[in-house]
Amino acid sequence: MMVFNRRKFLIKHASWMLIVFLLLVWEMICVGFNVPEYLFPAPSSVWASGVDRWQPIMMHAWQTFFTTLVGFAIAVVVGVVLGVAVGTYPIVYKAFYPLLVGFNSIPKVAFVPVLVVWFGIGTVPAILTAFLISFFPVLVNVATGLATLEPELEDVLRSLGASKLDILRKVGLPRALPYFFASLKVAITLAFVGSVISETVASNMGIGYLMMAASSSMDMALVFAGLIVIGIMGVVMYELFAWTEKRFTRWANRGVNNTAI
Amino acid sequence: MMVFNRRKFLIKHASWMLIVFLLLVWEMICVGFNVPEYLFPAPSSVWASGVDRWQPIMMHAWQTFFTTLVGFAIAVVVGVVLGVAVGTYPIVYKAFYPLLVGFNSIPKVAFVPVLVVWFGIGTVPAILTAFLISFFPVLVNVATGLATLEPELEDVLRSLGASKLDILRKVGLPRALPYFFASLKVAITLAFVGSVISETVASNMGIGYLMMAASSSMDMALVFAGLIVIGIMGVVMYELFAWTEKRFTRWANRGVNNTAI
Amino acid sequence: QASTTKINFTLDWRFEGPSAPFLMALDKGYFLQEGLEVTIDSGNGSAGAVTRVATGAYDMGFADFSALVEYAAANPESGMQAVYMLYNQTPAAVFTLKEFNINTPADLVGKTLAAPVFDGGRKAWPAFAANNDLAVDSVTWQSVDPAIRETLLARRQVDAITGFYFTSLLNLEARGVSLDDIVVMPYADYGVALYGNAIIASQKMLIENPEAVAGFNRAFNKALIETIADPESAVKFVSKRDPLVKESLELRRLTLALDAQVITDETRTEGLGVVTMERLKRSIDEAVSSFNLSRTPTPESLFNMAMLPEKSTRMMQN
Amino acid sequence: MVFVEFEDVSLAYEEGGDLAIKDISLSVKQNEFIAVVGPSGCGKSTLMKLVSGLTEPTSGYVYIDGRQIGGPQKCIGMAFQASNLLPWRTTLENVMLPLEIVQPYRSQLRRKRQEFEAMAMALLERVGLKGWEHKYPWELSGGMQQRASICRALIHKPQLLMLDEPFGALDAFTREELWCMLQELWQEQPFTVILVTHDLREAVFLADTVYVMSKSPGQILVKRDIDIERPRPLSVTYTEPFAAQVHVLREHIGSIRQS
Amino acid sequence: MVFVEFEDVSLAYEEGGDLAIKDISLSVKQNEFIAVVGPSGCGKSTLMKLVSGLTEPTSGYVYIDGRQIGGPQKCIGMAFQASNLLPWRTTLENVMLPLEIVQPYRSQLRRKRQEFEAMAMALLERVGLKGWEHKYPWELSGGMQQRASICRALIHKPQLLMLDEPFGALDAFTREELWCMLQELWQEQPFTVILVTHDLREAVFLADTVYVMSKSPGQILVKRDIDIERPRPLSVTYTEPFAAQVHVLREHIGSIRQS
Ligand SMILES: Nc1ncnc2c1ncn2[C@@H]1O[C@H](COP(=O)(O)OP(=O)(O)OP(=O)(O)O)[C@@H](O)[C@H]1O
Ligand SMILES: Nc1ncnc2c1ncn2[C@@H]1O[C@H](COP(=O)(O)OP(=O)(O)OP(=O)(O)O)[C@@H](O)[C@H]1O
Ligand SMILES: [Mg+2]
Ligand SMILES: [Mg+2]
């Protein structure tokens with residue numbers, strides 16, 4: 001019983017302990033090898049800098065969070081719609097998929113200047129960049145989830161004379177949910193990357209701008225504080241998805257140890 | 001019969017026709033709205049520029065292709081290994097997943113300077129960036145594929161007294177293959193993005209460098225030629241995966257119209 | 001006030017010390033007094049600023065004059081013009097370390113220099129080389145992001161770098177290189193005639209509302225004079241706009257820029273913001289040959305003297 | 001009044017491959033109860049798929065209610081051989097599925113959800129699944145899953161009910177109870193039934209007509225009318241005429257195996 | 001020589017929830033052939049899972065060969081109620097699966113692949129699947145899948161064979177053929193068998209001992225030895241003693257339903 005509880009305790013708190021451990025290692029490396037601050041600041045100085053500039057960091061973080069969420073929301077909608085189209089219609093699959101893959105191999109940062117010309121600098125290009133960078137994983141996973149639907153389950157609905165749309169709603173999408181949630185985890189991280197990158201290129205606001213400004217005033221600790229804030233926001237969003245996933249895909253995760261997912 | 005063939009024909013050639021169509025639209029918009037070349041060059045001038053600079057483009061493209069493939073290969077290996085760990089051990093899942101999500105929300109371009117200082121300018125940072133940016137989708141999808149394994153199938157192996165490793169090899173991984181292939185499509189595009197971005201930051205070679213050089217001399221047609229070469233390489237890699245996928249996951253795609261996948 | 005004119009203005013880079021006069025003019029209402037409603041956005045390099053103004057996304061901007069030359073050579077009918085030359089000399093410079101024993105341009109032969117491909121200093125290297133009797137290909141270039149070139153020099157991974165005088169000097173200092181160890185070869189001191197950054201205005205603005213452009217210049221000029229007189233208080237407008245900046249650092253950047261780029265023999269006699277047509281022509285020629293341009297724009301087409309404020313208002317009090 | 005009609009239907013799963021069923025012609029009258037028996041792999045499930053329009057014949061025609069089938073039909077209730085319950089729905093939700101798809105229930109679902117749920121619960125209780133309504137399919141035993149899937153086929157009172165070995169995983173007593181239930185439902189409000197089974201007693205007890213299929217490729221070998229009068233109580237299964245019918249069918253199937 | 005032993009075993013799938021089986025004690029001798037019968041949902045499949053170590057009892061102990069079970073066992077062949085063939089493997093590859101896992105076959109697989117494949121082919125032929133070896137499971141009919149899954153349980157000659165309603169989807173004749181095949185195999189080289197079935201004739205024909213389970217939560221109600229002498233030809237099923245045994249069991253199960 002004792003052992004069992006310890007294992008549960010470990011699993012529950014593993015995340016924190018690992019973070020603390022990694023921070024310690026990082027600090028030790030920085031101090032031990034005398035890594036110069038302008039290259040890779042130690043966590044302690046990152047922390048100091050973060051506390052020091054708490055207010056502006058929060059303001060910029062809020063901006064980034066907002067743009068990311070909007071871009072991500074658009075990406076999810078567009079990704080699901082295109083994913084459904086690609087996963088359902090062979091002709092769409094054949095016609096669009098290669099193009100989409102080609103398009104997604106291109107760094108989105110190349111489009112930011114064009115977006116700026118059309119929409120000015122600031123929020124809109126950041127939202128669009130976040131969208132452009134993050135819809136593809138959703139699309140691919142939804143399409144794959146639909147394409148790998150067991151025909152037996154589809155037949156259940158087909159035998160009822162259900163329309164294509166009904167089949168999609170009642171079996172296609174539920175079956176694709178595990179795929180969808182997996183893609184959300186990837187997409188949200190990419191959305192953050194997208195909005196931050198756009199902000200570094202064209203914005204007066206947001207963590208991306210903060211990082212550029214900090215690095216041009218050679219304040220690497222602040223740059224890293226910005227990075228860490230982004231990371232934390234990513235984790236928060238992830239936890240949200242993990243929680244939703246747990247509710248919606250229990251059937252798919254029934255095989256795994258309860259503690260796992 | 002006639003109709004059937006036309007449909008098949010359409011599906012087969014949809015991709016090319018769409019590309020030609022899009023190029024035409026693009027050309028027409030550029031010419032019609034008089035979009036200035038330095039903002040968004042027309043396909044004709046991109047083509048001219050590409051033909052003109054064929055040799056240097058090919059050289060740089062080859063460099064990018066190589067770094068991308070190496071980075072991508074590492075990413076696939078690391079992604080699968082970590083994905084297996086995350087999908088199999090609840091403690092790894094709890095401990096590492098949030099951290100990984102946080103890490104992946106950070107633009108990898110922020111690490112390039114550090115990589116450059118450690119590994120010098122050129123190929124190694126590009127490979128590492130491609131790796132860092134592209135392992136995460138593989139990890140997430142493999143982990144999800146394993147976590148959603150039907151316990152019934154697992155039981156088949158467990159009843160034979162199979163070891164965890166055996167179960168993984170004989171059911172876990174085959175069952176996760178559709179997930180894996182979906183992630184490859186995302187990962188390869190990210191790998192291209194990663195190496196190109198790293199090249200724009202610090203390299204004397206590769207399409208990323210070419211684009212920076214071209215844009216610094218305001219030769220946007222060449223920049224776009226570079227982008228398109230990247231896109232084409234992405235499509236080539238995608239076709240490779242699609243072909244492999246077709247061979248390996250026929251069982252999962254059995255429901256879909258033959259022509260689809 | 002009857003009606004105000006809206007002006008979108010883009011800087012060449014982020015809010016730093018040298019943007020103080022712009023922000024001061026905005027904050028103190030000098031633009032408003034001229035009937036202008038100005039918004040100022042940070043930028044992403046001179047080329048980007050030129051493109052932004054060229055496409056009409058912005059009405060006016062602050063960019064390297066050479067970038068304008070390059071742009072005008074490729075797009076003769078764009079009609080964009082510089083209207084106020086803030087940096088009388090190009091801020092580009094070669095930086096190296098004392099310990100490398102590089103003291104004259106001739107010592108650079110065979111060395112490795114790091115800079116982004118779009119760096120002003122790197123692009124103008126042929127002019128520098130020509131003025132100092134070096135072959136253009138006598139050095140090896142290493143392409144890096146602006147953020148790491150000073151790091152590479154500080155870690156002795158390259159022999160020299162090119163960069164803007166006031167930026168690279170401070171960056172090197174922040175990487176623990178003491179001022180005494182640094183050798184600087186400003187392009188301007190080695191015969192390069194290139195002008196530096198100027199305020200540019202779009203053709204549309206210049207044709208439809210030249211009065212607004214002139215008003216912008218007047219307001220800016222007023223702020224610049226005050227900035228030169230009292231940089232300490234001027235830099236406060238930067239930190240007010242962007243709380244992230246370190247005031248002390250930006251103050252140094254500002255004074256470095258003012259001392260080296262703004263206050264020169266030419267501006268002392270001719271006044272701030274102005275160019276001399278003879279040097280402008282040389283500057284354009286140098287840019288054209290350095291950048292390998294196919295056309296040589298005329299000086300008159302690129303700089304609009306008519307927009308400058310009264311000369312008396314442009315003279316610095318000593 | 002022919003309801004389902006097969007006209008020289010053949011089907012090969014792979015283009016140019018072996019035939020799964022070959023030249024089948026049969027007709028089912030409205031409200032007739034037919035049973036199909038035959039050796040394993042002879043094409044009984046394939047026949048079901050053809051009726052429901054899930055697959056198209058390679059040659060020949062299938063008509064339902066006089067119209068040629070060009071895709072899935074709207075008036076059908078089908079219990080598959082594998083129960084095919086949707087794993088993300090509870091048993092009750094699985095049973096309710098047809099009501100979400102088929103008219104007129106579909107458009108009434110919002111208003112009458114309570115009523116429909118009660119209907120589904122009553123049906124589940126009849127097959128002995130009271131108390132399991134809110135369990136997921138993977139929490140049910142094999143026989144329970146099968147019973148839930150029968151409920152799903154019945155809930156929307158289809159004109160044509162198709163049952164593919166619906167009682168295979170049930171013990172003899174549960175099975176007989178469900179026979180009686182099915183017969184009652186059918187007599188209360190008649191509909192057409194096609195039943196695939198391996199249990200000859202089941203076929204004889206329930207059906208008006210029994211078709212015997214040959215080994216693969218499946219053909220109809222024998223059509224046999226069961227003239228035992230209705231309603232048939234369970235006790236009829238112990239009577240002589242019943243045993244005789246079963247025996248005849250058994251002989252037929254036995255002779256197929258020899259050939 | 002007891003091989004499998006249950007000691008007061010109970011199991012609840014959810015912690016603190018309803019018991020699926022309750023206080024089961026039984027022992028199976030080495031090379032004994034037992035059959036378990038009982039109403040649908042009474043816990044027969046659960047019992048199988050406990051023997052094979054796929055689930056752990058909530059209380060009580062299960063021993064195999066004298067050792068307490070602490071996880072999946074290595075000497076077992078199991079045919080699941082749903083055939084659970086791996087969809088990415090052909091029928092032959094599915095049948096070969098145990099040889100890739102279980103020693104000593106595993107280490108010999110490289111050298112003797114040809115031989116093992118021939119073994120698997122022979123077994124498939126015996127259950128009537130010749131010609132289907134290279135088809136995927138989803139290209140087989142329900143009964144064919146079930147037969148393939150029986151082959152998978154047998155291929156590695158396990159010490160303990162567990163069959164969960166293995167013949168449910170087969171027609172009477174195929175079923176009887178497989179009865180005989182199983183009996184032959186068992187007599188050639190004896191092993192322990194636990195068979196779950198709903199067919200009382202099957203239980204009586206094959207088993208040494210038949211256990212009757214109660215309604216959920218499953219308990220052992222009756223243990224009945226079948227003393228018909230071996231080998232039992234198919235014709236024995238028409239004899240009086242056989243019919244009597246079946247009848248008794250039927251009565252028992254019938255009485256369970258009343259209660
Ligand atoms: N999806 C499929 N692809 C290819 N062949 C198939 C497919 N489904 C069935 N078959 C083949 O068609 C034939 C008939 O199969 P069917 O499932 O109709 O048999 P059945 O009469 O229902 O058998 P059972 O009683 O075992 O369920 C078999 O030979 C089978 O292998
Ligand atoms: N995975 C599970 N989770 C929760 N409950 C389960 C699970 N599997 C079975 N049960 C429950 O345990 C009880 C016994 O199920 P089991 O599958 O052992 O029945 P069975 O005797 O095999 O029935 P059948 O003859 O219908 O196959 C049932 O009430 C069932 O609902
Ligand atoms: Mg069948
Ligand atoms: Mg069972």
Side-chain angles (χ1 to χ4, degrees), chain A residues 10-12 14-15 18-19 39-40 90-91 93-96 98-99 101-107 109-110 114 117 136-137 140-141 144 147-151 154 178-179 181-182 185-186 189 192-193 196-197 211 227 230-235 238-239 249 252-257 259-261, chain B residues 10-12 14-15 18-19 39-40 90-91 93-96 98-99 101-107 109-110 114 117 136-137 140-141 144 147-151 154 178-179 182 185-186 189 192-193 196-197 211 223 227 230-235 238-239 249 252-257 259-261:
Chain A
L10 256 182
I11 288 181
K12 202 162 171 196
S15 181
L18 184 71
I19 287 176
L39 195 59
F40 216 93
I91 191 158
Y93 172 88
K94 280 281 176 188
F96 282 89
L99 260 185
V101 173
F103 175 75
N104 273 282
S105 307
I106 295 172
V109 70
V114 180
V117 169
F136 189 62
V140 169
N141 269 21
T144 306
T148 57
L149 171 61
E150 290 90 350
E154 203 181 324
Y179 281 88
F181 276 107
K185 291 173 198 162
V186 176
T189 67
F192 274 111
V193 170
V196 168
I197 280 192
M211 281 164 48
L227 290 179
I230 293 281
I232 291 173
M233 292 193 293
V235 174
Y238 161 75
E239 290 292 346
T249 67
N253 289 302
R254 65 188 187 273
V256 183
N257 204 318
T259 43
I261 298 217
Chain B
L10 257 182
I11 287 181
K12 199 160 172 199
S15 180
L18 184 71
I19 287 178
L39 186 61
F40 216 92
I91 192 159
Y93 173 87
K94 280 279 177 191
F96 282 88
L99 259 186
V101 173
F103 174 75
N104 273 281
S105 307
I106 296 173
V109 70
V114 181
V117 170
F136 188 61
V140 169
N141 269 23
T144 307
T148 57
L149 172 61
E150 290 90 350
E154 204 181 322
Y179 281 88
K185 291 174 197 162
V186 176
T189 67
F192 274 112
V193 170
V196 169
I197 280 192
M211 281 164 49
V223 173
L227 289 178
I230 294 280
I232 291 173
M233 292 193 294
V235 174
Y238 161 75
E239 291 292 346
T249 67
N253 288 302
R254 65 188 187 274
V256 182
N257 205 318
T259 43
I261 297 215

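FYI, side chains are in, hydrogens and waters are out, and symmetry mates aren't considered; it's all heavy atoms of this structure. So that the names make sense, note that chain A is the first sequence line, chain B the second, and so on, each numbered from 1.
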Practice problem: To the nearest 0.5 angstrom, please state how far the CZ atom of B/Phe103 sits from the OG1 atom of A/Thr189. | Solution: 10.5 Å
Heavy-atom pair with the smallest gap, counting every atom of [X] and [Y]:
{"X": "B/Ala95", "Y": "A/Ala14", "answer": "CB-CB, 3.5 Å"}
{"X": "A/Lys94", "Y": "B/Ser15", "answer": "O-CB, 3.3 Å"}
{"X": "A/Val186", "Y": "B/Phe136", "answer": "CA-CE2, 4.1 Å"}

Quiz prompt | Among A/Ala110, A/Pro107, A/Pro137, residue most engaged with chain B (heavy-atom pairs, under 4.5 Å) | solution = A/Pro107
Exercise. Sort out for me which of A/Ala182, A/Gly234, A/Gly231, A/Ser105 touches chain B most, counting heavy-atom pairs under 4.5 Å.
Key: A/Ser105
For [X], which atoms come within 4.5 Å of any heavy atom of chain A: side chain, backbone, both, or neither?
{"X": "B/Val101", "value": "both"}
{"X": "B/Phe40", "value": "side chain"}
{"X": "B/Thr144", "value": "side chain"}

Quiz item: More than 12 non-hydrogen atoms from neighbouring residues, nucleotides or ligands closer than 6.0 Å to CZ on A/Phe96, yes or no?
Solution: no
Quiz item: Using a cut-off of under 4.5 Å for heavy-atom pairs, which of B/Ile91, B/Ile19, B/Val109 has the most such pairs with chain A?
Solution: B/Ile91
Quiz item: Given the options B/Val235, B/Ile230, B/Ile106, B/Leu99, which has more heavy-atom pairs under 4.5 Å with chain A than any of the others?
Solution: B/Ile106
